[in-house]
Protein chains: 2
Amino acid sequence: MRNCKDHKTCINEALIKAETICKQKGVKFTKLRKQVLKLIWKSHSYVKAYDLLEELKKIDSSAKPPTVYRSLDFLIDNGFIHKVQSLNAFVACTHPQEHKECYFLICKNCKSIEECCSEKISKVMNSEATRNNFNTNQVTLEISGICQECIN
Amino acid sequence: MRNCKDHKTCINEALIKAETICKQKGVKFTKLRKQVLKLIWKSHSYVKAYDLLEELKKIDSSAKPPTVYRSLDFLIDNGFIHKVQSLNAFVACTHPQEHKECYFLICKNCKSIEECCSEKISKVMNSEATRNNFNTNQVTLEISGICQECIN
DNA sequence: AAATGAATGTTATAATATAACATAATTAAT
DNA sequence: ATTAATTATGTTATATTATAACATTCATTT
Ligand SMILES: [Zn+2]
Ligand SMILES: [Zn+2]
Ligand SMILES: [Zn+2]
Ligand SMILES: [Zn+2]
C-alpha cells in the first residue's frame with residue numbers, strides 16, 4: 001500500500017476484492033459501505049472516524065456518526081479494515097481473508113502504518129497463551145516508533 | 001495481584017514501592033497521585049477513568065476530569081500503571097521498573113487482566129522490527145480471550 | 001401484495017479526553 | 001527572607017470518540 005505505484009488501481013482492486021468476498025459470504029456490500037471503504041483506502045495512512053464523517057458528508061450531506069460507525073463495524077467484522085486501538089483510528093486491511101494474527105508498525109513521524117504478518121510472532125504468541133492456559137480470542141499488537149523511511 | 005492473599009498488604013507494598021521509586025527519580029508522589037494509584041490498586045482488575053473520578057469525588061468532591069487524567073498521565077509516565085488501549089482503561093503495574101515489554105491477558109468473562117513478561121516475545125518482536133528496519137518506541141500487546149479460571 | 005428482516009436515517013446523548021487559564025504550593029535564586 | 005521560577009492543582013469549558021433508541025426505507029421471501 002505504502003509503495004504502490006498507482007494508488008487508484010490499488011483502491012479499485014481492493015474494492016473489487018471486497019465485492020467478491022462479500023458475494024462469497026452472502027453479505028451486502030452496499031453503496032454506503034463501499035463508499036466508506038473507498039474513503040479509508042484513499043488514505044495511505046490511518047483515518048479517524050470523524051474525519052471520515054466529514055469526507056462522507058461531501059458525498060451525502062445527511063451523513064451522521066452512526067452512518068460511519070455502522071459501516072466501520074461492518075468493515076471490521078468482515079475483515080476489510082482494522083481498528084488501531086492505540087490511535088482510535090481505522091486502517092484498510094491489505095490482505096483480507098488471508099491472515100489471522102497481524103501486527104501494525106506505526107510511524108510517529110510520517111503517520112504511515114504498515115500491516116505485517118509473521119508466523120514467528122503468531123507461534124510465540126500461541127505458545128505464551130498456552131503457557132498461561134489462556135484461550136486467545138483476539139490479539140492487538142501495535143508497534144509505535146520510527147519507520148525505515150524516516151530514520152534515514 | 002490476582003492471587004494475592006491479602007490485598008491490603010499488596011496495595012500498601014505497591015504504594016511504598018512507588019514512593020521509593022519516586023524518591024529515587026526525584027519526582028513528586030503527591031497526595032493526589034498516591035490516592036489515584038491506591039484507587040487503581042484497589043481494583044483487582046482494570047479501571048475506567050470516569051469510575052476513578054467517581055471514587056475520587058468521594059474523597060474530594062471537587063475532583064474533575066483533569067484531576068484524574070493528570071494523575072493518570074503521571075502514573076503512566078513513571079511506569080506505575082499502564083493504559084489498556086483496547087479497553088480505554090487503566091491497570092496497575094505489577095512490577096514497575098523491572099520490565100520493558102510486557103503484554104496483557106484480558107479475560108472477557110471475568111474481566112481479570114494479567115500483566116505478563118516474556119523474553120521470547122520481546123526477542124521475536126525485536127527481530128521483526130529489525131527485519132522491517134523499524135525503530136520501535138512503544139509496544140502495545142493486548143490479548144483478549146478467556147482465562148484459565150474461566151475455562152474450567 | 002404482504003410480511004419479514006436488514007440497512008439506513010435521525011435525534012439525542014453517553015463516554016472519553018484535553019485546552020486554556022487561574023490559583024496554590026514548592027523549589028531555586030537573589 | 002523575599003522574589004522569581006517552576007510545578008502541581010483547581011476550574012471552566014469544550015473537543016473527541018462512540019452508542020442508544022426509535023423511525024423509515026429497502027430488499028428478500030412468502
Ligand atoms: Zn488485515
Ligand atoms: Zn515514517
Ligand atoms: Zn508493568
Ligand atoms: Zn476469567
Side-chain angles (χ1 to χ4, degrees), chain A residues 18-19 22-23 25-40 43 45-78 80-91 111 140 142, chain B residues 18-19 22-23 25-40 43 45-78 80-91 111 140 142:
Chain A
E19 190 113 46
C22 283
K23 236 169 226 164
K25 292 175 122 183
V27 297
K28 285 172 216 161
F29 196 48
T30 63
K31 196 178 144 198
L32 175 64
R33 289 165 176 174
K34 189 170 180 173
Q35 273 172 345
V36 172
L37 182 56
K38 190 173 182 176
L39 287 174
I40 297 172
S43 163
S45 175
Y46 53 84
V47 292
K48 309 283 283 181
Y50 276 73
D51 291 344
L52 214 46
L53 177 55
E54 288 314 302
E55 288 306 307
L56 203 56
K57 274 181 178 167
K58 290 178 188 167
I59 301 168
D60 173 3
S61 62
S62 76
K64 289 177 185 62
T67 318
V68 168
Y69 281 103
R70 280 174 188 151
S71 295
L72 290 173
D73 286 346
F74 171 87
L75 295 171
I76 291 168
D77 289 346
N78 290 284
F80 301 126
I81 65 170
H82 300 288
K83 176 163 189 184
V84 187
Q85 301 288 357
S86 58
L87 297 170
N88 290 323
F90 303 87
V91 67
K111 317 290 179 197
T140 299
E142 298 171 6
Chain B
E19 190 114 46
C22 284
K23 236 169 225 162
K25 292 174 122 184
V27 297
K28 285 172 217 160
F29 196 48
T30 63
K31 195 178 143 198
L32 175 65
R33 290 164 176 174
K34 189 170 180 174
Q35 274 172 344
V36 173
L37 182 55
K38 190 172 182 178
L39 287 174
I40 296 171
S43 163
S45 174
Y46 54 86
V47 291
K48 308 283 283 180
Y50 275 73
D51 291 343
L52 216 46
L53 177 55
E54 288 313 304
E55 289 305 307
L56 204 56
K57 275 182 177 166
K58 290 179 188 168
I59 301 167
D60 174 3
S61 63
S62 76
K64 289 177 184 60
T67 318
V68 167
Y69 280 102
R70 280 172 186 153
S71 295
L72 289 173
D73 285 346
F74 171 88
L75 295 171
I76 291 168
D77 289 347
N78 290 284
F80 301 125
I81 65 169
H82 300 289
K83 178 164 188 182
V84 187
Q85 300 288 359
S86 58
L87 296 170
N88 291 323
F90 303 87
V91 67
K111 316 292 179 194
T140 298
E142 298 169 7

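Owing to the predicted nature of the structure, the values given are computational and were not obtained by experimental measurement. Each chain gets a letter, A, B and so on, in the order the sequences are listed, and its residues count up from 1.
By the side-chain contact (heavy atoms from CB on, under 4.5 Å) test, B:K38 is found to be paired with B:I11, B:L15, residues two or more places apart in sequence or in another chain being considered. With sequence neighbours excluded, the residues that form a salt bridge (charged side-chain N to carboxylate O under 4.0 Å, His left out) with B:K57 are B:E54. Residues that satisfy the side-chain hydrogen bond (donor to acceptor under 3.5 Å, both in side chains) test with B:S61, not counting sequence neighbours, are absent from this structure. For B:E55, the side-chain contact (heavy atoms from CB on, under 4.5 Å) test picks out B:L39, B:K58, with sequence neighbours left out. For B:Y69, the side-chain contact (heavy atoms from CB on, under 4.5 Å) criterion is met by B:A49, B:Y50, B:P65, B:L72, not counting sequence neighbours.
Both B:K83 and A:K28 lie close to DNA chain C; mapped to their nearest nucleotides by heavy-atom distance, the more 5′-ward contact belongs to A:K28. Both A:Y50 and B:D60 sit near DNA chain D, but only B:D60 has its closest nucleotide nearer the 5' end.
In this structure, the CZ atom of B:F90 is 16 Å from the P atom of C:dA15, given to the nearest Å. What separates CG of A:L87 from P of C:dT16 is a distance of 18 Å, to the nearest Å. If you measure from atom NZ of A:K48 to atom P of C:dT18, you get 10 Å, rounded to the nearest angstrom.
Residue pairs satisfying the salt bridge (Lys or Arg N to Asp or Glu O under 4.0 Å) criterion with at least one member in residues 25-34 of chain A, sequence neighbours excluded, are listed as follows: A:E19-A:K34. Pairs engaging residues 64-75 of chain A under the salt bridge (Lys or Arg N to Asp or Glu O under 4.0 Å) rule: none recorded [sequence neighbours left out].
Interface limits on DNA chain D: the 5'-most and 3'-most nucleotides within less than 4.0 Å of chain A heavy atoms are D:dT17 to D:dA21.
For DNA chain D, the neighbouring residues in residues 62-74 of chain B, judged by any heavy atom under 4.0 Å, are B:S62, B:K64, B:P66, B:T67, B:R70.
B:K31 comes within contact range of no nucleotide atom at all, as no heavy-atom separation falls under 4.0 Å.
The shortest distance between side-chain heavy atoms of B:L87 and B:Y46 falls below 4.5 Å.
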